[in-house]
Amino acid sequence: MIKKVINPLLIAATAMLLTTSSFAGGDPKAQEHVFDIKPKKVADGVYCMFGAIEMPTADNAGFMSNSCYIKTSDSWVVWDTGATYKFAKAVYTEMQKIADLPVNTIIFSHEHDDHWLGSGFYKEKFGSKLIGTKIVNERYKPGHEPETRMFQILNPIDVEGTKITPMDESYDDGKVFKLGGVTMEYISLGQAHSEDDFMLYLPEKKVILTADVVMNGRITSNRNGLVMGQLKALDLIKSKDWNVCVPGHGFNTSKTAIDESVKYFTQMKDQILAALDNDVEATEINEVVTLPDFKDKGLYDVLNSNNVSRSYGEFEMMD
Ligand SMILES: [Zn+2]
């Protein structure tokens with residue numbers, strides 16, 4: 001049996017991060033960030049924006065996650081909006097040049113704010129329907145924007161206009177949509193990368209949009225996830241027929257897009273289980289399990305040891 005893992009060390013670390021970054025909160029005198037948006041066509045009628053392989057910073061203005069537009073007969077359907085109103089607006093401006101369509105529906109992968117906090121732009125402009133995990137509505141209340149990670153980190157001018165906008169619909173078990181002639185399977189992955197993850201599969205296009213259960217070129221943040229949930233989600237992705245897989249972070253969308261994630265979580269599991277067999281204590285786990293195959297990947301120094309500590313807690317609790 002796998003239980004939801006709450007790691008007190010990580011909660012403390014997150015609280016510290018929030019406290020320290022609230023001193024920063026970006027530079028009130030900073031100039032507005034100018035986004036370099038180049039939509040990349042990954043399949044017929046599917047375009048994606050690929051963010052930097054970085055944590056959110058004032059310099060990248062939150063453009064460090066991937067989002068996509070899917071063309072239907074009468075609308076764009078957006079998969080994750082990115083982190084801010086201004087980012088969403090900059091993306092729409094570029095996408096409108098490709099096809100001047102409204103955005104009727106937005107489907108979200110999970111509750112991490114770099115993926116959805118830009119939604120207010122579309123709500124304001126089109127009254128778009130927002131579909132995503134109910135956790136967003138439970139945890140984020142309109143008017144509490146300053147408590148979000150983006151408001152803590154980005155420059156004030158770059159979060160201007162950004163509003164917490166509640167989800168209109170949630171489907172715990174997923175749902176199959178046919179929107180403007182395009183089939184979209186919105187698939188629940190349970191607790192994998194976050195506490196409630198979803199992916200979007202476009203069977204006619206053989207495209208799978210996995211968001212953060214797949215990352216490449218960088219280390220993931222497993223702060224709310226589970227190794228076993230990740231491995232299960234990755235197996236489900238493998239079982240689908242796709243030619244293009246768009247990760248939540250990273251640039252590789254080919255047949256090898258998921259390989260790094262599979263390898264990372266498989267090694268994590270094997271090495272932590274071996275350490276537990278050898279009675280390695282929580283306080284020593286970061287000396288024993290370092291996942292050296294990944295040390296040259298982006299954000300290894302920032303995220304890997306926290307991932308290992310949290311995963312130790314997960315396997316320690318398993319029987
Ligand atoms: Zn995430």
Side-chain angles (χ1 to χ4, degrees), residues 4-7 10-11 13-14 17-18 21 48-57 60 62-68 78-84 87 106-119 130-136 138-140 147-154 164 167 170 186-200 208-227 229-234 237 245-251 257-258 260-261 264-265 268 297-300 302-304 306-307 310-311 314:
K4 285 202 177 180
V5 177
I6 298 165
N7 182 335
L10 267 187
I11 292 171
T14 310
L17 187 73
L18 285 176
S21 52
C48 299
M49 327 308 139
F50 292 86
I53 300 285
E54 295 167 357
M55 298 299 281
T57 64
N60 63 36
F63 183 22
M64 37 62 74
S65 63
N66 300 340
S67 54
C68 298
V78 174
W79 168 249
D80 285 354
T81 58
T84 66
F87 173 78
I106 308 177
I107 306 176
F108 295 93
S109 59
H110 68 299
E111 64 98 5
H112 293 156
D113 63 357
D114 49 323
H115 294 262
W116 61 266
L117 199 47
S119 59
L130 312 185
I131 298 169
T133 169
K134 60 179 186 287
I135 291 182
V136 170
E138 288 165 4
R139 300 226 174 120
Y140 301 85
E147 293 160 27
T148 63
R149 215 165 40 132
M150 293 305 146
F151 277 71
Q152 300 270 333
I153 294 168
L154 308 190
I164 291 173
M167 296 295 156
S170 295
Y186 175 60
I187 299 171
S188 166
L189 301 170
Q191 186 178 16
H193 159 78
S194 72
E195 282 161 74
D196 194 23
D197 291 289
F198 293 85
M199 64 180 177
L200 197 67
I208 197 157
L209 310 173
T210 65
D212 290 6
V213 293
V214 175
M215 297 192 193
N216 50 54
R218 61 161 275 187
I219 297 295
T220 186
S221 169
N222 190 37
R223 66 187 181 280
N224 313 118
L226 289 175
V227 175
Q230 273 281 348
L231 288 169
K232 196 171 145 214
L234 290 160
I237 293 165
C245 168
V246 181
H249 302 265
F251 308 122
I258 73 169
E260 268 179 44
S261 297
Y264 185 74
F265 288 104
M268 180 79 85
K297 295 290 176 193
L299 305 178
Y300 176 91
V302 187
L303 297 169
N304 191 63
N306 270 349
N307 290 346
R310 176 179 169 83
S311 305
E314 175 186 340

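Whatever order the structure lists ligands and atoms in, that order sets their numbers, starting from 1.
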Quick one: report the N, O or S atom of [X] that is nearest to the Zn ion (ligand 1).
X	value
His112	ND1
Asp212	OD2
His193	NE2

- Query: Do His110 and Asn224 meet the criterion of a side-chain donor-acceptor pair at a distance under 3.5 Å?
  - Reply: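 The criterion, which ignores hydrogens and geometry beyond distance, is not satisfied for Asn224 and His110.
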- Any chance the side chains of Asn307 and Tyr264 put a donor and an acceptor closer than 3.5 Å?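 Side-chain D/A pair, Asn307 to Tyr264: present.
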- Message: Report whether any nitrogen, oxygen or sulfur of Asp114 sits less than 2.8 Å from the Zn ion (ligand 1) (N, O or S, backbone or side chain).
- Response: no
- Task: Kindly confirm whether the Zn ion (ligand 1) is within less than 2.8 Å of some N/O/S atom in His115?
- Result: no
- In terms of the angle between their ring planes, are Phe198 and Tyr186 parallel, tilted or perpendicular, with boundaries placed at 30° and 60°?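 Phe198 vs Tyr186 ring planes: parallel.
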- Any ion pair linking Arg149 and Asp114 (charged N to carboxylate O, less than 4.0 Å)? yes
- For Arg223 and Asn306, run side chain to side chain contact (heavy atoms under 4.5 Å, CB included): C-alpha distance rounded to whole Å, both residues' side-chain angles, the deciding distance at 0.1 Å, then the answer. CA-CA 8 Å; Arg223 66 187 181 280; Asn306 270 349; over 6 Å; no
